[in-house]
Amino acid sequence: MTVTATSVDESDRAQPLGAASRGARLVRFVPALAATLSGVLLYVSFPPRTLWWLALPAFAVFGWVLRGRGWKAGLGLGYLFGLGFLLPLLVWTGVEVGPGPWIALVAIEAIFVALVGAGIATVSKLPGAPLWSAALWIAGEAARARAPFNGFPWGKIAFGQADGVFLPLAAVGGTPVLGFAVVLCGFGLYDVVRVLVAKRRGQDIRRSAAAVALLSLVVPVIGALAARPLVSDKAENGTVTVAVIQGNVPRAGLDFNAQRRAVLDYHARETERLAEKVRAGKVAKPDFVLWPENSSDVDPFANADARAVIDGAAKAIGVPISVGGVVERGGKLYNEQILWDPKKGPTDTYDKRQIQPFGEYLPLRSLIGAINSDWTSMVRQDFSRGTEPGVFTMAGAKVGLVTCYEAAFDWAVRSEVTDGAQLISVPSNNATFDRSEMTYQQLAMSRVRAVEHSRTVTVPVTSGVSAIIMPDGRITQKTGMFVADSLVQKVPLRSSETPATKLGILPEMALVVIAAGGLGWAISARVRNRRAGAAGPGRP
């Protein structure tokens with residue numbers, strides 16, 4: 001009986017020990033779960049939602065997860081953060097082609113976030129850790145914007161801040177400075193909470209560490225408030241009345257190009273409908289009209305019927321039209337904007353320079369064809385790149401053209417402004433992506449660009465959402481999706497350059513240097529510590 005009683009007692013004691021062991025195993029998954037969920041939280045901060053402020057707790061949790069960890073753990077946790085953020089953000093890339101390309105894209109892009117995570121873990125114990133960490137994030141964005149295949153900047157933190165208090169910082173140093181401020185504030189939030197918790201527990205915290213934490217949280221907000229005078233919608237060079245045409249498409253999806261003549265007819269018809277409204281006195285007569293990308297996929301230089309349709313629309317409205325066409329010249333295919341005068345016909349062109357991999361050209365064609373021949377059939381002929389900025393003179397105004405995908409690239413937008421653009425137009429075609437969040441994400445980019453360069457931005461889209469954006473980032477008019485519509489508005493022309501326009505790439509390069517400095521400091525400190533430990537006490 002005694003033996004039996006003893007056995008029961010030991011069994012009773014073993015049960016909570018086993019439960020504790022299981023609990024300990026579950027705790028190990030907390031950092032991975034937190035990293036993934038904080039990535040999802042960052043995604044939720046992006047358009048079409050206006051929850052921009054969620055980026056701050058997202059980075060605060062990410063900072064907590066990475067603090068004090070080795071670079072290998074940072075690599076894995078950073079990858080999970082990247083997956084949590086990019087998988088839902090880029091789901092639209094698989095709308096028409098299935099999940100394969102979407103997952104492959106996210107898997108590659110998340111590698112950049114993983115490397116950033118490794119870097120942040122490495123610098124997490126340095127004095128001023130939020131500064132080094134935020135700079136490392138921007139360095140990661142800089143790398144993503146350039147490689148592979150000329151980069152993919154989608155998901156820059158700045159593009160989620162069109163409705164946020166930090167937006168004026170875009171005029172100071174462009175998307176890198178805006179994104180840096182948001183990330184710094186997020187990491188600063190974590191550091192402030194960490195300091196407060198430590199003090200409550202009676203731990204000794206250096207004043208310098210507390211000051212750095214507080215400054216990391218507060219300085220970005222103060223900087224954004226101080227930058228507000230840079231944001232203005234006042235006319236500097238008079239005003240123009242602009243018309244944006246959204247003709248719609250017969251149906252969504254990749255096969256809409258098979259009905260390219262119908263798309264052209266729709267845009268001509270909507271322009272003629274606008275001309276009727278002008279004659280009836282219902283709307284003001286525009287000084288010029290802007291059509292979207294791919295509004296004439298029938299080459300008007302090679303097809304007399306397409307030329308006649310565009311001519312008819314231009315004569316009906318009686319003002320110049322910027323037409324988005326697909327043009328073959330010298331055996332090469334170009335995504336082109338064509339300036340069409342109602343009397344002279346085509347007078348100027350702009351060829352898209354930043355063409356979209358896997359959409360307008362197919363890298364690794366033979367390899368991809370071996371994997372799935374259907375993907376190669378979607379891009380039968382690669383588009384060629386333009387080489388010069390595109391600024392059309394329309395009714396005396398200088399209109400800079402930034403075609404669709406180009407709006408994601410800092411250099412592509414800035415080059416039009418430095419070339420004299422007083423107004424920016426972002427002709428786009430989002431019909432391929434149906435009613436996904438893609439069009440709202442791209443619209444937010446244009447809002448950031450408006451503030452960055454202090455220019456009115458018009459966004460004519462084949463199927464929506466088309467919009468007119470003031471230089472302060474406000475949307476004053478917009479259309480619905482998959483409807484035929486037109487927008488007419490008097491907008492300001494501006495020629496002054498913001499600090500962001502003047503500085504160009506310099507703020508981004510400065511942040512990359514800061515990131516490299518922090519990383520170098522952390523690595524050298526670890527090497528010194530290891531050497532000191534290897535020498536041991538009493539050794540030289």
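Scope of the values below: all heavy atoms of this structure, side chains included, with no hydrogens, waters or symmetry mates. If you read the sequence from its start, that first residue is 1, and numbering goes on from there.
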Between atom CG of Leu217 and atom SG of Cys185, what is the distance when rounded to the nearest 0.5 Å? 4.5 Å

What closest approach, in Å, do Ala139 and Ala515 show between heavy atoms, and which atom pair accounts for it? CB-CB, 4.1 Å

Looking at CG of Asp191 and OG of Ser216, how far apart are the two atoms once the value is rounded to the nearest 0.5 Å? 6.5 Å

In Å and rounded to the nearest 0.5 Å, what is the CZ to OG1 distance from Phe288 to Thr393? 10.5 Å

Interatomic distance, CG@Leu77 vs CZ@Phe81, rounded to 0.5 Å, equals 11.0 Å

Salt bridge or not for Asp233 and Arg474, using N-O below 4.0 Å? yes

Is there a donor-acceptor contact under 3.5 Å from the side chain of Gln246 to the main chain of Gly464? yes

Face-on cation placement of Arg449 at Phe159 ring, 6.0 Å and 45° thresholds: no

Strictly below 4.0 Å, N to O, side chains only: are Asp204 and Lys199 in salt-bridge contact? no

Between the side chains of Glu452 and Arg447, is the shortest nitrogen-to-carboxylate-oxygen separation below 4.0 Å, so that they form an ion pair? no

Counting heavy atoms not belonging to Trp521, are there more than 12 under 6.0 Å from its CH2? yes

Between Ser425 and Thr458, a side-chain donor and acceptor under 3.5 Å: yes

Provide the closest heavy-atom pair for Trp52 versus Val165 in the form atom of the first, atom of the second, distance. CH2-CG2, 3.6 Å

Passes side chain to side chain donor-acceptor pair (under 3.5 Å), Glu360 versus Tyr334? Steps please. CA-CA 9 Å; Glu360 293 170 305; Tyr334 294 93; over 6 Å; no

Kindly compute the distance separating CZ (Arg414) from CD (Glu497), expressed to the nearest 0.5 Å. 7.5 Å

Straight-line distance of Leu56 CG to Leu184 CG, nearest 0.5 Å: 10.5 Å

Which residue is it: Phe187, Tyr190, Phe62? I am looking for the one with a side chain to side chain contact (heavy atoms under 4.5 Å, CB included) to Arg67. Tyr190

Please check: side-chain N/O of Trp132 versus main-chain N/O of Pro127, any donor-acceptor pairing under 3.5 Å? yes

Looking only at heavy atoms, the pair that brings Ala58 and Leu41 closest together is N-CD2, 3.7 Å

Per the side chain to side chain contact (heavy atoms under 4.5 Å, CB included) rule, which among Pro427, Ser428, Pro292 passes with Cys404? Ser428

Side chain Thr456, main chain Val491, donor-acceptor under 3.5 Å: no

Considering non-hydrogen atoms only, spot the tightest contact between Pro220 and Leu169 and give its length. O-CD1, 4.0 Å

Side-chain touch Val113/Tyr79, heavy atoms, less than 4.5 angstrom: no

Give the C-alpha distance, both sets of side-chain angles, the deciding distance and a yes or no for side chain to side chain donor-acceptor pair (under 3.5 Å) between Thr418 and Ser415. CA-CA 5 Å; Thr418 57; Ser415 66; 5.8 Å; no

Out of the candidates Arg435, Met481, Gln442, Glu293, only one should pair with Asn430 under the side chain to side chain contact (heavy atoms under 4.5 Å, CB included) rule; please name it. Gln442

Worked verdict on Glu416 versus Tyr350 for side-chain contact (heavy atoms from CB on, under 4.5 Å): CA-CA 11 Å; Glu416 310 300 71; Tyr350 166 64; 4.3 Å; yes

Counting N and O atoms only, with roles assigned by atom type, does the side chain of Ser133 sit under 3.5 Å from a partner on the main chain of Ala129, one being a donor and the other an acceptor? yes

Return yes when atom CZ of Phe358 has more than 12 non-hydrogen atoms of other residues, nucleotides or ligands closer than 6.0 Å, and no otherwise. yes

Pairs in or reaching into residues 140-155: which pass side chain to side chain donor-acceptor pair (under 3.5 Å), with residues at least two apart or in two chains? Glu109-Arg144, Trp137-Glu141, Arg146-Glu508, Trp154-Gln441

Which residues satisfy the ring pair (Phe, Tyr, Trp, His ring centres under 6.0 Å) test with Phe85, sequence neighbours excluded? Phe46

Side-chain (Asp287) to main-chain (Val242) donor-acceptor, under 3.5 angstrom: no

Minimum heavy-atom separation for Val195 to Ile205, with atom names? CG1-CG2, 4.0 Å

